[in-house]
Amino acid sequence: MITLWRLGLAALLLGAWHVGAESGFLSPLFFGHPVKIFAVIVEWFATGEIWRHLAITIAETLLAFASGTLCGVGGGLWLGLSPRTRAVLDPFIMAANAMPRVILAPIFAMWFGLGVASKVALGFTLVFFIVFFNVLQGVREVPPTVLNSARMLGASQRQLLRHVYLPAALSWVFSSLHVSVGMAFVGAVVAEYLGSSAGVGYLILQAEGMFDVDTVFAGIIVLTGCALVLDAGVSVAESRLLVWQPRADAARGS
Amino acid sequence: MAALAFEDVTVRFGAATVVGGASFSVGAGEFVSVVGPTGCGKSTLLNLAAGLLAPSSGRVLVDGVTLAGINRRAGYLFQGESLMPWRSARDNVAAGPEFAGMSRGAARAAAETWLGRVGLAGHGEKYPHQMSGGMRKRAQLAQTLVLDPPVLLMDEPFSALDVQTRQLMENELLSIWQADRKSVLFITHDLEEAISLSDRVIVLSAGPATRPLAEFAIDLPRPRDVAEIRLTAEFRAVEERIWEVLRGEVLKAYRQGEAA
């Protein structure tokens, strides 16, 4: 029943858009034309042209996610376990986190060129802080009884790190997966849009330069679909990784 | 020689003296309970015995040797939730042997044995949040006992359980202890629990600067059933004698609580 309502609503919106575009009420120059947009998407997939760009955008997303998560976990564990270092670095971290990092994209383009590296760099800065703060929180919130219990069971410092701090921190990382994967994707696309030679963001940028609003919308729709697929992937990974957590607890993030 | 001995142990946190010159001992294979009013520093005594806390002055001796760092001869049954939530019951019990360098397979086999012994056979795959409070306590007990520590430290381990589960657990603890006599230091605020389990009951003074006030040997026959033994005249007599001492301290603690 719900599905029927949803399909109906989607048909209504698309229909209104189509009628508006046909009648000239919604200028196709600014709002595009649903049928033409659909034709662009079909052509992209028929010719296979889109795959190259999509592959690049997804590769950038995954690289940004992986590098940001890895460094975020490392940094979070390190600062979480050495309060003095943390006290020294605190203002710097706050400043770096407060900075609107999207604005770094042009700088990364200058440093790393127009290729994949500059996109990964921007995504990294977005993912890193989400993971970092989650790990910091995870380390701080290890219950003292669990920690003392592990020590009484004979855990060495290294074993504490591996068997207590790391799992505790990772549970926070996993529960913020949706946010961090989403951010990696945003970083990749925005960086592409601000200057690149390939990727879906690049397609959109090109089309915009030629006032080809149909292709812009087609790109947006492909990106949205891609984001939904990524998100579904994260949900699957999450349910595998967080079996030990009660369900209500699984929705943390920033 | 005592398995565990406190010699004039004092603990200060800043200006506050929590433990003031405590001396007592637990013999090998002896079951000793410590009772005292709430908030008097009972858990601090256990943390000292565990080596999680160092005394400000005085010594804690384990088998006659001054304790420095974690007490490797002791297992600790905590009051709160101490299982690792990301490990299943079996892997929680296997943790200690794994830390000690046992292979994963052997550790898991040992864990299964102990899960069976505490009545959790077939529940090994469950995560802590999928178990009841009583089951989690059993898993904690197995986690501690799988390492076969000569000394067992217990911090009000059953206080969060309902009365029936609690008596069941107390009886199981006694039968496990009967089979393999470990030295036990058992902390509780429940005098009946202390008497029904122990060979000896130590009464602590109200804080601050708590210390043992009096000791009572419990000469009730073993094996005991904790529910039945409470009904005997001998039990009542001992309880009365101890309560006479404890009562004053509880009142003192109560008045301090009101003044604060």
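Remark: A/S196 pairs with no residue by the side chain to side chain donor-acceptor pair (under 3.5 Å) rule, at least two apart or across chains. Applying the side chain to side chain donor-acceptor pair (under 3.5 Å) test to A/T224 and every residue at least two apart in sequence or in another chain returns nothing.
Residue B/Y127 touches chain A through its side chain alone, counting heavy-atom pairs closer than 4.5 Å. Only the backbone of B/L83 comes within contact range of chain A, with heavy atoms under 4.5 Å apart.
Atom CZ in B/R87 sits 12.5 Å away from atom CH2 in A/W244 (nearest 0.5 Å). The distance from the OG atom of B/S82 to the CG atom of A/L153 is 7.5 Å, given to the nearest 0.5 Å. Atom CZ of residue A/R162 and atom CZ of residue B/F99 lie 9.5 Å apart, to the nearest 0.5 angstrom.
Side-chain contact between B/E98 and A/H163 is present, with at least one heavy-atom pair separated by less than 4.5 Å. Side-chain contact check for A/N148 versus B/Y76: every heavy-atom pair is 4.5 Å or farther apart.
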**OP:** For side chain to side chain contact (heavy atoms under 4.5 Å, CB included), just list the numbers for B/F78 and A/M152, CA-CA rounded to whole Å, side-chain angles, deciding distance to a tenth of an Å, and then say yes or no.
**Re:** CA-CA 10 Å; B/F78 290 85; A/M152 288 309 293; 4.2 Å; yes
Subject >> Audit row: A/S149, B/Q143, side chain to side chain contact (heavy atoms under 4.5 Å, CB included) steps and yes/no >> reply: CA-CA 10 Å; A/S149 165; B/Q143 190 186 42; 3.9 Å; yes
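Under the 3.5 Å distance criterion, the side-chain polar atoms of B/W86 are left unmatched by any main-chain donor or acceptor of A/V164.
Most heavy-atom pairs under 4.5 Å with chain A: of the set B/I70, B/L52, B/N47, this distinction falls to B/L52.
Across A/V146 and B/E81, no two heavy atoms sit closer than the pair CG2-O, 3.9 Å.
Around atom CZ of A/F133, more than 12 heavy atoms belonging to other residues, nucleotides or ligands sit under 6.0 Å away.
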